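Below is one structure, written out as structure tokens; the observations come after it.
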Amino acid sequence: MTTANMRYVSHHHHNQNDTNVYGFWIYIMSDCILFACLFATFAVLHNNTYGGPGAKELFSLPFVFVETMILLTSSFTCGLMMLALYNNKRKLAFIALTLTFLLGVSFVFMELKEFHTLFAEGNSWQRSAFLSSFFTLVGTHGLHVSLGLLWLIILAIQLGIHGINPTTMVKMRTFSLFWHFLDIVWILLFTIVYLLETI
Amino acid sequence: MNTSPSDIDESSAHGSLKSYIVGFILSIVLTLLAFGAVMQQWFSPLLIVTFVTVMAVFQLLIQLIFFLHLNSDSKPYWNLSAFLFAMLIVVVIVVASIWIMYNLNVNMQM
């Protein structure tokens, strides 16, 4: 092995864990494209209310603001959880994890409540193309959040059993990528679907 | 040998408490400004649209940088390049969809 090779090896130490996280990042990018398609669909169909109610009549901005604050805070507590894990502070990590979970559940609960209200008044996804694209886009995001919460429960159990080690850390890192990504999609969602529609 | 998680992961980027707090506060402020502008109609409609869009783009960047640590350092560089490519695809999909459907509407009088 020449000196040049040795220098290369010592400065470019890739471990499997980083590769796994990068692979998950590529999945996140594909998820971005999925959401882009749903956003494009909403952009095309958002005026097609088929004579029925539009965004202005149906959406409550204060309600969406509270949802936004809840999801944003859960993204923050997720960051705190990662910091605690990196610093080997297991109890702190569990507290932050629980907060993240509770905030996430609150968000999903609020969204389900909003959907239920719309359904009850006859404004389901079958009412118009606008509502079809709305429920698909917002529902897909909510589904991602819900599955993320399920994932978080499983991760909490694994952390409890195996503690903080390289394997569980890879899983927590990929989860936190997923969770931050969902909040970023929500930024676009509340801006495009709720704010811009109700100006 | 006692290896802490941060030893093993030191090649990857993770933030400090300060970066998360700054990102969190900035995001709250940008959200408040966007909702405020729409709910209280601070400007003319066109200006509100522009303002809200700018707030969203800023908050997106803030969260990308402070929560996801997407910067031009060596390790996250691969994340950044994958991200930029995905964004190129996203722009093509969204812009082309809107453009094509708009043209369809106009030409087919749908």
Side-chain angles (χ1 to χ4, degrees), chain A residues 12-15 17-18 21-22 25-26 28-33 35-37 39-41 43-45 61-62 64-65 68-69 72-73 75-80 82-83 85-88 164-166 168-170 172-173 176-177 179-181 183-184 187-188 190-192 194-196 198-199, chain B residues 3-6 8-9 11-12 14-17 19-21 23-24 27-28 30-32 34-35 37-39 41 45-46 48-49 52-53 55-57 59-60 62-64 66-68 74-76 78-79 82-83 85-87 89-98 100-102 104-105:
Chain A
H12 291 74
H13 174 240
H14 299 293
N15 55 50
N17 294 335
D18 281 347
V21 174
Y22 178 57
W25 176 252
I26 294 179
I28 296 283
M29 291 299 102
S30 76
D31 225 16
C32 265
I33 295 173
F35 277 107
C37 294
F39 271 111
T41 307
V44 167
L45 296 175
L61 287 187
V64 175
F65 178 74
T68 306
M69 285 295 117
L72 173 62
T73 309
S75 199
F76 176 64
T77 55
C78 181
L80 296 180
M82 291 311 295
L83 281 176
L85 288 170
Y86 281 121
N87 289 309
N88 238 325
I164 304 174
N165 64 46
T168 54
M169 280 306 286
V170 169
M172 297 312 295
R173 280 166 66 196
S176 80
L177 272 184
W179 202 250
H180 291 312
F181 162 72
D183 193 42
I184 287 175
I187 297 172
L188 293 169
F190 81 71
T191 302
I192 293 172
Y194 292 104
L195 287 184
L196 289 181
T198 50
I199 288 178
Chain B
T3 51
S4 75
S6 52
I8 287 142
D9 291 322
S11 56
S12 63
H14 54 87
S16 63
L17 179 61
S19 79
Y20 282 113
I21 291 179
F24 185 46
S27 296
I28 292 180
L30 291 168
T31 307
L32 280 167
F35 272 88
V38 173
M39 289 170 73
Q41 293 170 310
L46 183 61
I48 296 180
V49 169
V52 161
T53 309
M55 293 297 103
V57 170
Q59 193 178 153
L60 208 116
I62 295 286
Q63 291 209 15
L64 278 171
F66 288 99
F67 287 179
L68 284 177
S74 60
K75 206 43 174 70
W78 290 107
N79 294 358
F83 172 74
F85 175 69
M87 288 308 106
I89 301 297
V90 162
V91 165
V92 167
I93 287 175
V94 173
V95 169
S97 296
I98 295 175
I100 288 170
M101 292 309 291
Y102 173 77
L104 255 179
N105 266 341

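Letters go in sequence order (proteins before strands), and every chain restarts at 1. Treat the numbers as computed from the prediction; the structure is a model and nothing was measured.
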So for [X], is it side chain, backbone, both, or neither that comes closer than 4.5 Å to the heavy atoms of chain B?
| X | result |
| --- | --- |
| A:F65 | both |
| A:M69 | side chain |
| A:I192 | neither |
| A:T41 | neither |
| A:L196 | side chain |
| A:Y194 | neither |
| A:V21 | neither |

Heavy-atom pair with the smallest gap, counting every atom of B:Q59 and A:F190: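 Answer, listing the atom of B:Q59 first, then A:F190: NE2-CZ, 4.2 Å.
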Nearest heavy atoms of B:A56 and A:T191, plus distance in Å: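 Taking every non-hydrogen atom into account, CB-OG1, 3.4 Å.
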Most contacts with chain A, counted as non-hydrogen pairs under 4.5 angstrom, among B:I98, B:V95, B:L68: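 Ranked by contacts with chain A, first place is B:L68.
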Chain A contacts, top residue of B:V49, B:T53, B:L30 (heavy-atom pairs, under 4.5 Å):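 Maximum pair count with chain A is reached by B:V49.
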B:M55 portion near chain A, given a 4.5 angstrom heavy-atom threshold: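 Nothing of B:M55, per the 4.5 Å heavy-atom cut-off to chain A.
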Measure the spacing between [atom1] of [X] and [atom2] of [Y] and express it to the nearest 0.5 Å.
| X | Y | atom1 | atom2 | answer |
| --- | --- | --- | --- | --- |
| B:F85 | A:M29 | CZ | CE | 12.0 Å |
| A:I184 | B:L64 | CD1 | CG | 4.0 Å |
| B:I93 | A:C32 | CD1 | SG | 10.5 Å |

[options]: which one forms the most heavy-atom pairs within less than 4.5 Å of chain B?
| options | value |
| --- | --- |
| A:D183, A:T198, A:L188 | A:D183 |
| A:V64, A:I28, A:I26 | A:V64 |
| A:I33, A:L195, A:L177 | A:L195 |
| A:S176, A:S75, A:S30, A:C78 | A:S75 |

side-chain contact (heavy atoms from CB on, under 4.5 Å) between B:L17 and A:L80, intermediate numbers included: CA-CA 7 Å; B:L17 179 61; A:L80 296 180; 3.5 Å; yes
Less than 4.5 Å apart, any side-chain heavy atom of [X] and any of [Y]?
| X | Y | result |
| --- | --- | --- |
| A:V44 | B:I100 | no |
| B:I28 | A:T73 | no |
| A:F76 | B:I21 | yes |
| A:L45 | B:M101 | no |

Aromatic plane relationship, A:W25 with B:F83 - under 30° parallel, 30 to 60° tilted, over 60° perpendicular: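 Tilted, since the angle between the ring planes falls between 30° and 60°.
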B:F35/A:T68 under side-chain contact (heavy atoms from CB on, under 4.5 Å): CA gap, chis, key distance, verdict: CA-CA 10 Å; B:F35 272 88; A:T68 306; 3.9 Å; yes
Residue list, side-chain contact (heavy atoms from CB on, under 4.5 Å) with B:P45, at least two apart or on another chain: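 Partners of B:P45 under the side-chain contact (heavy atoms from CB on, under 4.5 Å) test: A:I199.
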Worked verdict on B:Q63 versus A:L72 for side-chain contact (heavy atoms from CB on, under 4.5 Å): CA-CA 10 Å; B:Q63 291 209 15; A:L72 173 62; 3.3 Å; yes
